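All figures in this text were calculated on a predicted structure; none of them were measured in a lab.
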Amino acid sequence: MRSTRGLPTGWAALLCLLAALACLLHPSASVKEHDFKKCDQSGFCKRNRAYADNAAAHSSTWSSPYEVLPETAIFKDGQWQAVIIKTISNGEKAALPITVSLLKSGVARVSIDEEKRQKKDVELRHNSKARKERYNEAENWVIVGGLELDKRAQVAFQDKSQVNIKYGGDDNFEVDIKFSPFEVEFKRDGESHIRFNDRGLFNMEHWRPKIEREKPEGDESKAGDNAQTESGEDESTWWDETFGGNTDSKPRGPESVAMDISFVGYEQVFGIPEHTGSISLKQTRGGDGNHHEPYRLYNTDVFEYILDSPMTLYGAIPFMQAHRRDSSVGVFWLNAAETWVDIVKAQDNKNPLSLSKGAKISTHTHWISEAGILDAFVFLGPTPRDLTKKYGELTGYTAMPQEFSVGYHQCRWNYISDDDVKDVDRRMDKYKIPYDVIWLDIEYTEEKKYFTWDPHSFGDPTGMGQQLDAHGRKLVVIIDPHIKKVDNYAVSSEMLSNDFAVHNKDDEVYEGWCWPGSSNWIDCFDPKANEWWKSLFRYDSFKGTLENTFLWNDMNEPSVFNGPETTMPKDNIHFGNWEHRDVHNLNGLTFHNASWEAMVSRKKGEKRRPFILTRSFYAGSQRLGAMWTGDNQANWEHLAASIPMVLNQGISGFPFAGADVGGFFGNPDKDLMARWYQAGIFYPFMRAHAHIDSRRREPYMLGEPYTEILTKTLRLRYSLLPSWYTAFFHANRDGSPIVRPMVWTHPSEESGFAIDDQLFLGTTGLLAKPIVEKDKFSTDIWIPDDEIYFDYTTYQIYKTQKNKRVTVDAAIDSVPLLMRGGHIFPRRDIPRRSSAAMRSDDYTLVVTVSKDGSAEGDLYADDGDTFDHEKGQYIYRKFRLANGTLSSAEGDGGRAKSGKAGSWLKAMGEVRVDRIVIVGAPASLNIKEVQISSEGKTWAVKVEYHGAEKGRAAFASLGRVGARIGEDWSMKL
């Protein structure tokens, strides 16, 4: 607040009153931000930013104090190793072993550790039980493959000052390692793309003992930790650090690691979720429209988060991509500690503040982590598809979901009883509103004790689950990692007696506050704790749960109401004696993983895919389920922000993402609800959710015409479920985003890179741009190519031009949705109550004919429940229109089928192609029938042809087709 000193008393009082009212009216904007650290309140971030400022201020004389000892360098079987020496100001030196691993996939890995800590040749303060090493086990949780070394890699040149190594399948990748000062440069086809330490900001805070200094007489300001070293370094946050009334004891002292990474010739960078704002990341050193703070990666429960901000949110994926025309590269910074990332864009070889037009711009990033080793993976592309594929090879691809989870989820905090749940289920059917899942928040438990049911409100959970099951629907219940500390609660007593809880800095069981009040936290880094956790989910243990009960993991950052920044103290101790600071960003993943293992072992012999939603996540969490963007607000701004947030998750390797439809906090008006559902049907994960204090807003509560608008919207989602499921299949196979931004689909069109309010759905060619502004009934859609585009509903042809926009009308009951020419996508058109009810329905194929008369597409289907698809029990078809022939052929994506057809595959033998709609149909289809051939038979299929008129494309409807969906067929058009 600005000072009121010097103002007349009346004015000062009035300003204070206005300020107080502003706080009441805008709590999230005025208060919440201050509950979380800025860089200058985070000691290691402040120190490393100052280090960067000092380097910039003395750029003409600055030299990095790190150099490689040439005599230590060894190269063998694709791996280069050496020792970096850090020269300390007092003349001492610290040894930092470095390994550069060149992987068979074409990815490179740079790892740097600290020899003194490796050898445990350090002393810890406060008699701490913490490990002495730098944390080096993140890969055990994150990396699942892709680490095979490229033994064909060869040293092309070396001397006492540098080494050049060629690697990659065609030897078109190379790495230059310069010894003094230390620098690493990655090239593709002879051109530099990524540089480490080219600005000399690499900084690994070496271990040093704490020197207790005497207080200078009469000068308290220089006493203790406020004293400076002889070199002028500020020690004030080396040994202890306080924020918000909590003090971090730091038994290992300062141990941050930082590196500057430059993307040479790349003006735009993307990724590093989770943050609000555009997918094209902003600069962080101030200036017009830029941020003043670095992007922060520190998973935290941010209540009522603000928009367009680099501040931390619930999850962290330290994977950044850089794109320019026809070239994409990326870096994955594998560090689970608190991390900050600065971004500056500068004209090459010029003053960084000068961005004159026409100059070649590079993006310079500065990565700063509090602890752990430096471990970074480099991807040289050259396409966005290469980046997401190679990243997925390392960290895993998106789990193939339960089919129901791609449908619509109905949730609020809280449905008040099992009768309430059953009533919502009945009323959704009464109004013919499709949905698949109903959710229970924390109020279903008895006094916030997980694995229990409130005996008064949920006295018959089995009956509730059975009614849902009879309608083909599922129940999701919430289970959080905090366990209520109370007598006569078996889960608590078992966890404590077996020592499965996180410890505090004194190596005693940590106690904090969350929803149940006093709580302890399960330590999912402990394998034995995980085994115990699995036992709690068995049907005979968690009574009232059925085969249609699934799971929601919330508050797993972890959220601790009385903890520093609403989370766990950094000096807490986990299994293996690692400090919480070392593993913080992994915590949500480990809890998610424990729950995944529990769900697949609920019953002996039951092999079913789990569905688990998580709020906190890290790289690798995509293997385990879905995420959502947390506690958003019911306003237009948060609706608009949800689309870039979901798109950014997709290109960052975790595409099963969504936002609370309608907004969690507040009461959306009916137009906002309509528009949010129209946006929500294009989230891979679609769940309506609301705060306990908000009004009930199930779709049938809105009244007409809004109930019908929402129902129509949901039916569009359900008709396209086969296309959605096929998009998940591609994400599961190669890491492709499920909903795709223009930068991913059209990497040659730079003018589309920053566009993040429209998307393509998988391989369908469906281009959507939801309306996200109040009282707006049309929108302009950017067209990325010269292909023809049709309106999804009317088949109107849009006169499109590459890199131009077309205006699409969208009344309150419609969503702007175009179909790109050249695609074939599957639908199921019979309205049903749930995805389970659609399982045996026949398919409709929609063919959008391209300018050259061709089209292609695909369909993936499996039983949507078990892991039998991994044994070849699935259907994958590729459809093609070429040279006047439309055909379906086996399209197996690289996995050979094996074994006999199981029950699902046999049942699919009776599922057929019912109808084919050809948009942009040629005049040659103006006939009564066409011939189709399949399985050695030929028969006639009726044709209804509609000629082009008034801007609408010609289209033809072919049906009943009758070919089995899993068999080859062809028809001459």
In terms of heavy-atom contacts, Asp631 and Tyr314 come closest through N-OH, 3.0 Å
Report task. State plainly whether the residues Glu92 and Arg208 are in salt-bridge range, i.e. N to O under 4.0 Å. Result -> no
With Lys37 as partner, the option from Glu370, Glu293, Glu241 fulfilling salt bridge (charged side-chain N to carboxylate O under 4.0 Å, His left out) is Glu241
Open item on the list: I'd like to know if Arg252 pairs up with Glu205 as an ion pair, taking the criterion as any Lys NZ or Arg NE/NH1/NH2 lying under 4.0 Å from an Asp or Glu carboxylate oxygen.
Closed with: no
Rounding to 0.5 Å, atoms CZ (Arg109) and CG (Leu394) come to a distance of 8.5 Å
Can you confirm whether Ile317 sits close enough to Pro273 that some side-chain heavy atom of one is under 4.5 Å from a side-chain heavy atom of the other?
yes
When every non-hydrogen atom of Arg623 is compared with those of Val142, the smallest separation belongs to NH1-O, 3.0 Å
### Message
Within the 3.5 Å criterion, strictly below it, is a donor on Asn48 or Asn203 matched to an acceptor on the partner's side chain?
### Response
yes
For Trp578 and Val583, the nearest pair of non-hydrogen atoms, with its separation, is CB-CG1, 4.4 Å
field: Under 3.5 Å side-chain donor-acceptor pair for Ser518 and Glu511
entry: yes
>> Using side-chain contact (heavy atoms from CB on, under 4.5 Å), reason through Trp521 and Cys514 one step at a time and then give a plain yes or no.
In response: CA-CA 10 Å; Trp521 274 256; Cys514 206; 4.1 Å; yes
Which of Arg296, Arg49, Arg47, Glu338 passes side chain to side chain donor-acceptor pair (under 3.5 Å) with Ser42? Answer is Glu338
Quiz prompt | CG/Asn90: more than 12 non-hydrogen atoms of other groups inside 6.0 Å | solution = yes
Discussion item. Given 3.5 Å as the limit, does a donor-acceptor pair link the side chain of Ser256 with the main chain of Phe44, or not?
Written reply: no
Please confirm whether the backbone N or O of Ala594 pairs with a side-chain atom of Asn530, one donor and one acceptor, at under 3.5 Å? no
Could you check whether His574 and Phe525 have their ring centres less than 6.0 Å apart?
yes
Side chain of His126, backbone of Ser249: donor and acceptor closer than 3.5 Å? yes
Ring-ring centroid check Phe196 Phe182, cutoff 6.0 Å: no
Correct closest heavy-atom pair for Ile483 and Trp533 would be CD1-CZ3, 4.2 Å
Practice prompt. Please test Trp80 against Val175 for side-chain contact (heavy atoms from CB on, under 4.5 Å), starting from the C-alpha separation and ending with a verdict.
Written response: CA-CA 11 Å; Trp80 181 86; Val175 56; over 6 Å; no
Next item on the list: Classify the ring geometry between Phe617 and Phe654 as parallel (under 30°), tilted (30 to 60°) or perpendicular (over 60°).
Entry: perpendicular
With a 4.5 Å heavy-atom cut-off, do Cys45 and Lys38 have their side chains touching?
no
Query raised in the report: Does the side chain of Thr242 pick up a donor-acceptor pair with the side chain of Thr247 at under 3.5 Å?
Result: yes
In short, Leu586 meets Ala336 closest at the heavy-atom pair CG-CB, 3.6 Å
Which of Trp513, Trp515, Phe303 passes ring pair (Phe, Tyr, Trp, His ring centres under 6.0 Å) with Phe561? It is Trp515
**Message:** Less than 3.5 Å apart, any donor N or O on the side chain of Trp207 or Glu255 sitting next to an acceptor on the other?
**Reply:** no
Check: Between the main-chain N or O of Lys282 and the side-chain N or O of Tyr295, is there a donor-acceptor pair closer than 3.5 Å?
Finding: yes
Between Tyr305 and Thr629, is there a donor-acceptor pair closer than 3.5 Å when you use the side chain of the first and the backbone of the second?
yes
- Message: Any donor-acceptor pair under 3.5 Å linking the side-chain atoms of Asp301 with those of Ser559?
- Response: yes
Note: Ser519 and Lys484 closest approach over all heavy atoms is OG-CA, 4.2 Å
With no hydrogens and no angle check, do the side chains of His206 and Lys86 hold a donor and an acceptor under 3.5 Å apart? yes
- Message: The test is side-chain contact (heavy atoms from CB on, under 4.5 Å); show your working for Leu551 and Ile479 and say whether it passes.
- Response: CA-CA 7 Å; Leu551 195 58; Ile479 300 284; 3.4 Å; yes
Counting only N and O atoms by type, is there a donor-acceptor contact under 3.5 Å from the side chain of Asp526 to the main-chain atoms of Lys528?
-> yes
### Steps toward side-chain contact (heavy atoms from CB on, under 4.5 Å) verdict (Asp499, Leu496)
CA-CA 5 Å; Asp499 196 21; Leu496 296 177; over 6 Å; no
Between the main-chain N or O of Leu589 and the side-chain N or O of Asn593, is there a donor-acceptor pair closer than 3.5 Å?
no
Query raised in the report: Can you tell if the side chain of Leu96 reaches within under 4.5 Å of the side chain of Ile85, non-hydrogen atoms only?
Result: no
Within the distance-only criterion (no hydrogens, no angle test), does the side chain of Asp260 pair as donor or acceptor with the backbone N or O of Thr365 below 3.5 angstrom? no
Evaluate the criterion ring-ring contact (aromatic ring centres under 6.0 Å, His included) for residue pair Tyr450 and His482; output intermediate values, then yes/no. CA-CA 9 Å; Tyr450 299 112; His482 50 263; 5.4 Å; yes
message = Under 4.0 Å between a side-chain nitrogen and a carboxylate oxygen: does that hold for Arg131 and Glu579?
response = no
Notebook entry, point to check: Just by distance, do the side chain of Ser595 and the backbone of Phe591 share a donor-acceptor pair under 3.5 Å?
Noted result: yes
Salt bridge between Arg581 and Asp248, side-chain N to carboxylate O under 4.0 Å? yes
Practice prompt. Would you confirm whether Thr312, through its side chain, and Tyr298, through its main-chain N or O, come within 3.5 Å as a donor-acceptor pair?
Written response: yes
message = Just so I know, are the side chains of Leu281 and Met320 near enough to count as touching, which here means a heavy-atom distance under 4.5 Å?
response = yes
Do the ring planes of Trp367 and Trp333 sit parallel (below 30°), tilted (30 to 60°) or perpendicular (above 60°)?
parallel
Notebook entry, point to check: Does Asp571 pair with Lys250 as a salt bridge, N-O distance under 4.0 Å?
Noted result: no
I'd like to check Asn335 versus Val257 (side-chain heavy atoms, cut-off strictly below 4.5 Å). Are they in contact?
yes
Before accepting this row, confirm whether a basic side-chain N of the pair Arg134/Glu114 lies closer than 4.0 Å to the acidic partner's carboxylate O. yes
Q) Between Asp121 and Lys116, is there a side-chain N and carboxylate O pair less than 4.0 Å apart? A) yes
Exercise. Assess whether side-chain hydrogen bond (donor to acceptor under 3.5 Å, both in side chains) is satisfied between Ser621 and His592, documenting all intermediate values.
Key: CA-CA 8 Å; Ser621 291; His592 198 188; 4.7 Å; no
Between Asp240 and Arg125, does at least one N-O distance fall below 4.0 Å, as a salt bridge requires?
yes
When rounded to the nearest 0.5 Å, the distance separating OH of Tyr135 from CD1 of Ile373 is 10.0 Å
Exercise for review: Evaluate the ring planes of Phe332 and Phe377, with Trp represented by its six-membered ring, and classify them as parallel (under 30°), tilted (30 to 60°) or perpendicular (over 60°).
Suggested key: parallel
